[in-house]
Each structure stands twice: as structure tokens, then as C-alpha cells.
Protein chains: 2
Amino acid sequence: MEHGIANLLGALSLAVVDRIEQGAREVVGRGGETPAALIVIGYGQGMTNDKLRRILGLSHSGTVRLVDRLVSDRLVERRAGKDGREVALHLTASGAASRNELLASRISAVTSLLDVLSAAERKQLARLIRELLARQDTSEMDRFTICRMCDDRVCTNCPLPTSKGQHGH
Amino acid sequence: MEHGIANLLGALSLAVVDRIEQGAREVVGRGGETPAALIVIGYGQGMTNDKLRRILGLSHSGTVRLVDRLVSDRLVERRAGKDGREVALHLTASGAASRNELLASRISAVTSLLDVLSAAERKQLARLIRELLARQDTSEMDRFTICRMCDDRVCTNCPLPTSKGQHGH
DNA sequence: GGTAAATATGTGCGTAGCGCACATATCTGG
DNA sequence: CCAGATATGTGCGCTACGCACATATTTACC
């Protein structure tokens, strides 16, 4: 394998993530996995603390404290889950608004890097990235992790394979 | 502009950076900008604390403390710079070894994502990324920042434009 | 139906990584 | 020779996080 391509993709990815993180910090005033948490909670299938923990790849206590921050910022509410142990995380109105800003900021950051390419080049790039992602060997949790910042208003058909991966239960 | 491509590149970049950071933490036992600092210092044109600060995008004090950590880990030495104010940062033998491990780990992490593509597809992707980077409007400092994790043993001709950007002095 | 294990959450405590404001040393330009 | 610019170091606090432990609920097994 030629290593030049790996170095190029590494450099590009760093630039992309730098810009996304900078925008996210400006929007929510927090760093680390906090912006991703806001997005994940907003996907809205009754997210629990523990599911969130696995998606973000944090420790249990780290996740509890992260949610504490979101609650103290009035972006998230803890409600009772069906299972008496679980906590159901819900966005407040303000949390949903911040989440939308966050998603828009992310798309805008990446777009500003992409718009030097022609429409044809972007299409070609999209096809290649789609193939690359589609062929990865990812568990279900891996997919949620990779997609933890994804814009569900934009990503209609996620290329990540849906077959593998043991369901978490 | 079609936003699907921006979302795809954002997701891929997150996956790439996640894997790079995880490997880096395993190699040097440190997170944040510490691994990048080790790589940047290793480029070896008499790196100073202040240049490092600008490349990493950290505050001044944050950079001093970062170097403190590298020194206490015996990876970096502070020597006298030509200008009596400056500190010249140099890798120790152990620092140079860690840096090589770091670079290898990074290339390996990205390669493991890339190797689902055919050689032809990888070539196409390399061409597109190269174009994308070449057309960015980056200052000299931006380029060092984007390339702060780059493998100088692999990246022979960096696509980033070298014309613009005021030299820092 | 009762108890052990599994599951889910919260807490005390410490650490890593970082920024702000301030202090200090050296260099440069008039 | 002295004011500003440049470069580094420090006191202090804060955010984000992990480990170990405590607690509540549910499930499984007998």
C-alpha cells in the first residue's frame, strides 16, 4: 500500500475535525464529547445514560458528569425511563435549538473546505467516501460512534453497513 | 451545494481522527496536543516554545506546561536558543523513538480504514484530496497546523500551497 | 417467592490539559 | 540608554475525564 494517501487523509481529517470542533465550542461553549452528546440525544429514541456512554466512548462517570453539564446549561432534561433504573434524556427547546446550530455549524465548516472542488469532483469524492464507509467492518455501536456528529436532516441513506454487530442486550 | 458530501466527509474525518488519537494515546500515554507537539518538535528546525504554540493553537501557558510534561517524560530537552530569550526544543533519543512509533501508528490507523478500497480507488481519492488541499487558502501557519501530525518520511511533496501567508516575524 | 447476579445510575476523589493574568528576562529601535 | 517588543515561566482556577465505590432496580434461577 502506498502510504502517501494515508498521510493525506490524516491531514485532511485533522483539518476537518479542527474546524468542526472550533465551531462547536463557539455554539455550545463546551468541548470534548459534549457537543456530540447533544446531537446524539437529539436523535431521540429515548436515549439513556448508558447508551450515550457507549456511543461516545466515555467512562460511566464521565458520561454522568457530561449530562450534569448539559442539564445545568438547560439544554437537556432527565426524565423517568420506562425501566425504573434508566434515565430518559430529552432535549429542552433551547437544547434542540443549540443542536440545530451545532449541525449547521458543522456542515458549514466542512463545506468551506469542500467548495474549492468542482461539482463533478465533489460527486466523485462523495462516491469514494461512501464506498469506503460502506465496506468497513463495523458493529452497530461503531456505527453510532462514527455517526455521533451526523446531521440526520442531511444524511438520508447512511452508507455504513447495517448487517453486522451484536445488538447490545 | 449538496450537503450530503459534507456530512460524509465529516463522519469519515471523525472516524479517522478517533483512531489516530486512540493510537497516539497508547503510544505516548498522553492526549490533547501532546502527541502533535512531539511530532512538530521532531521536524527539527530549532523549534521554540512560541512557534510551537502557534502551530498547535494553544495558549502560551498551555504550551509551556505541555513542554513541561514532555520534559518530565524524558522525551524532550530544553536547550539554549541562539536568541537568549528562546528555548530550543530537542527530542531525546527516547523522544525520537516515541515520535517514530507515533507516526507509524497514525499511518497504520488510517491505512486500516483505507484498505477496503482498490488501488485504483485509492489513487483517485488521493488525487481528489490533493486537489482539495492544494486549493485551500492557507497562511503559512495554517499549513503547519494542518500538517502538525504529518509523517515527513512519507509526505514527500505536500500539496498545500506555499505562496501565501505572511512569514511570522 | 426469594435471593444472587446483572443492569443502570449517581458520588467522592483525583488527574490531565488548558486558559487568564501576571512576572521576568532578553532583544531591538529610537 | 531606555521604552517597547518578544519569549519564557508561574499562580491559580476550571473543564473534561477516569477509577473506585455506593445505591436502586430488574432479571434469572432455584
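Computed from a prediction, not measured in an experiment: that's the story for all the values here. Chain A is the first sequence line, chain B the second, and so forth, proteins listed ahead of strands; every chain is numbered from 1.
In this structure, the NZ atom of A:K82 is 17 Å from the C1' atom of D:dT25, given to the nearest Å. Atoms CG (B:L56) and C1' (C:dG19) sit 15 Å apart, rounded to a whole Å.
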Where do N or O atoms of nucleotides 8-11 of chain C meet protein N or O atoms at under 3.5 Å, pair by pair?
| from | atom 1 | to | atom 2 | distance (Å) |
| --- | --- | --- | --- | --- |
| C:dA8 | OP2 | A:D50 | OD2 | 3.4 |
| C:dT9 | OP1 | A:N49 | N | 3.2 |
| C:dT9 | OP1 | A:V87 | N | 3.0 |
| C:dT9 | OP2 | A:D50 | N | 2.6 |
| C:dG10 | OP1 | A:R78 | NE | 3.3 |
| C:dG10 | OP2 | A:N49 | ND2 | 3.0 |
| C:dG10 | N7 | A:H60 | NE2 | 2.4 |
| C:dG10 | O6 | A:H60 | NE2 | 3.4 |

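Here the CZ atom belonging to B:R78 is positioned 7.0 Å from the CG atom belonging to B:L89, to the nearest 0.5 angstrom. To the nearest 0.5 Å, atom CD of residue B:E131 and atom CD of residue B:Q136 are 11.0 Å apart.
With respect to the salt-bridge test (charged N to carboxylate O, under 4.0 angstrom), the residues B:D115 and B:R122 do not qualify. A salt bridge between B:D151 and B:R99 is absent, with no side-chain N of the basic residue lying under 4.0 Å from a carboxylate O of the acidic one.
For the segment residues 18-35 of chain A, no residue has any heavy atom less than 4.0 angstrom from an atom of DNA chain C.
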For residues 35-44 of chain A, dump all side-chain donor-acceptor pairs below 3.5 Å to protein atoms at least two apart in sequence or in another chain.
| from | atom 1 | to | atom 2 | distance (Å) |
| --- | --- | --- | --- | --- |
| A:Y43 | OH | A:C147 | O | 3.0 |
| A:Y43 | OH | A:C150 | N | 3.3 |
| A:Y43 | OH | A:C150 | O | 2.6 |

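Other residues, nucleotides and ligands place more than 12 heavy atoms under 6.0 Å from the CZ atom of B:R153. At most 12 non-hydrogen atoms from other residues, nucleotides or ligands lie less than 6.0 angstrom from CZ of B:R74.
At a cut-off of 3.5 Å, with distance as the only test, a side-chain donor of B:R106 or A:N7 sits close to an acceptor on the other residue.
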